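This is a predicted model, so every value here is computed, not measured. Every chain is numbered from 1 and lettered A, B, ... according to where its sequence line falls, protein lines coming before strand lines.
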There are 2 protein chains.
Amino acid sequence: MQKTGFSKYKEIVYYGLALAALLLVLRFLEIRYLVFAHGFEIYTAISAVLFMALGIWLAIKLFKPKTIVVEKEKPLEFNFDASACEAMGISKRELEVLQLMAQGLSNGEIAERLFVSLPTVKTHGARLFEKLDVKRRTQAVEKGKRLRLIP
Amino acid sequence: MQKTGFSKYKEIVYYGLALAALLLVLRFLEIRYLVFAHGFEIYTAISAVLFMALGIWLAIKLFKPKTIVVEKEKPLEFNFDASACEAMGISKRELEVLQLMAQGLSNGEIAERLFVSLPTVKTHGARLFEKLDVKRRTQAVEKGKRLRLIP
DNA sequence: AGTCAAATCATACCAAAGTATGACCGTTTT
DNA sequence: AAAACGGTCATACTTTGGTATGATTTGACT
């Protein structure tokens, strides 16, 4: 939220009022303690504490908006969308195949990696394409990434 | 950088020393001005200003590391790497083909989009694969994205 | 004028991808 | 027990992808 000119002006008034109040307190303390023999030291100590507190409060108030928000470019990490995956009825094996397809592997290479036969990979692929409503593996990869099924 | 226990301890010592020095100044001022008739008001004012300054300084010192860096997730926009593209000798047309491949289009569809024949798209593809040192279109897309040739 | 790279097209062939269909085997669910 | 599902494999077929080779055109650079 942006500060208006008025609210800033109000703050200054508050600071002035606070200062005035503090001076009043000091005046009161002066009258109260000046009569005593060692009242001077007490008065000094109290005034010192009060003014230090005022200084601290002032500094905090004035330097409060130092919270700087830095927008840093973050690679935007991958969050697997399990709900989308389940909603489309995609099985674990099909997902594995999709991942390997995204890495540019051929069906044969995928078959080797998963220790299954080529036809198996093909059937997984076919079901995957059907569930993702695509026609080619490249489209499947593209859609898989959009739906956060793969990184 | 993380603060060590020692440096934090050192800071406290500094604050203590500063306070001690301030008291010494006050003592000096007390001796100097107490003899005068209106020395009391002057002494009070000076001590007030000094302690307020101390308070401000303290607050600034203590609340300085309030600068919070918020890491915001940014989609990380696409910056075309023309240097990498030139370095590999990839032509405009080849890049266009790569882009359309990344969108999951078949060679035939790409041919339609670019108003050229199927063999043309194939030769573009073949040269592209050679230049990118890949064997399949899926790998070309994967590598093209890694090299920032396509979004 | 000559060279070169990019772009275009063609033809032919082989490999890979994708489709269709059917079958078998465990789990899990009903 | 039967049904449903996921995973597996196979066979046959069609489509698409990729390779190889060669040819033509156009524009840029020398």
Under 4.0 angstrom between B:N107 side-chain N/O and D:dG17 OP1 or OP2 = yes
On DNA chain C, more 5' by nearest nucleotide between B:F115 and B:K122 is B:F115
Closest of D:dC9, D:dT21, D:dT19 to the A:T123 side chain is D:dC9
Counting heavy atoms from C-beta on, name the nucleotide in D:dA10, C:dA10, C:dT8 closest to the side chain of B:S117.
-> C:dA10
How long is the line joining CG of A:L114 and C1' of D:dG6, in whole Å?
-> 15 Å
In whole Å, what is the span from the CD atom of A:Q139 to the P atom of D:dT15?
-> 18 Å
In whole angstroms, the gap separating P of C:dA6 from CG of B:L128 amounts to 13 Å
Side chain of B:R93 - closest among C:dA7, D:dA10, D:dT19 = C:dA7
Taking the side chain as every heavy atom from C-beta outward, state whether A:E77 and A:N79 have any atom pair closer than 4.5 Å.
-> yes
Taking only Lys NZ, Arg NE, NH1 and NH2, and the carboxylate oxygens of Asp or Glu, determine whether B:K135 and A:E109 approach each other closer than 4.0 Å.
-> no
Distance below 4.0 Å between A:H124 side-chain N/O and D:dT8 OP1 or OP2 | yes
note: A:K135, atom NZ; D:dT16, atom C1'; distance rounded to Å ~ 13 Å
Can you check whether A:R136 has a side-chain N or O nearer than 4.0 Å to OP1 or OP2 of C:dA17?
-> no
Kindly say if A:S91 contacts the phosphate of D:dG7, meaning a side-chain N or O under 4.0 Å from OP1 or OP2.
-> yes
Nearest-angstrom distance from the residue atom NZ of B:K92 to C1' of D:dT26 | 13 Å
Is B:V134 reachable from A:I110 through a run of hydrophobic residues whose side-chain heavy atoms are each under 4.5 Å from the next?
-> no
Do you know which two heavy atoms are closest between B:C85 and B:L95, and how far apart they sit?
-> SG-CD1, 3.9 Å
Closest to the A:V116 side chain, choosing from C:dT8, C:dG18, D:dC9 | D:dC9
Can you tell me how far C1' of C:dA7 sits from CG of B:L118, to the nearest Å?
-> 16 Å
Let me know the distance between CG of A:L105 and C1' of C:dA17, rounded to the nearest Å.
-> 14 Å
B:R127 CZ - D:dG22 P separation (whole Å) = 14 Å
From B:V141, B:L149, B:I150, residue fulfilling side chain to side chain contact (heavy atoms under 4.5 Å, CB included) relative to B:Q99 = B:I150
Of B:G89 and B:P119, the one whose closest nucleotide on DNA chain C sits nearer the 5' end is B:G89
Does OP1 or OP2 of D:dT8 have a side-chain N or O of A:T120 closer than 4.0 Å?
-> no
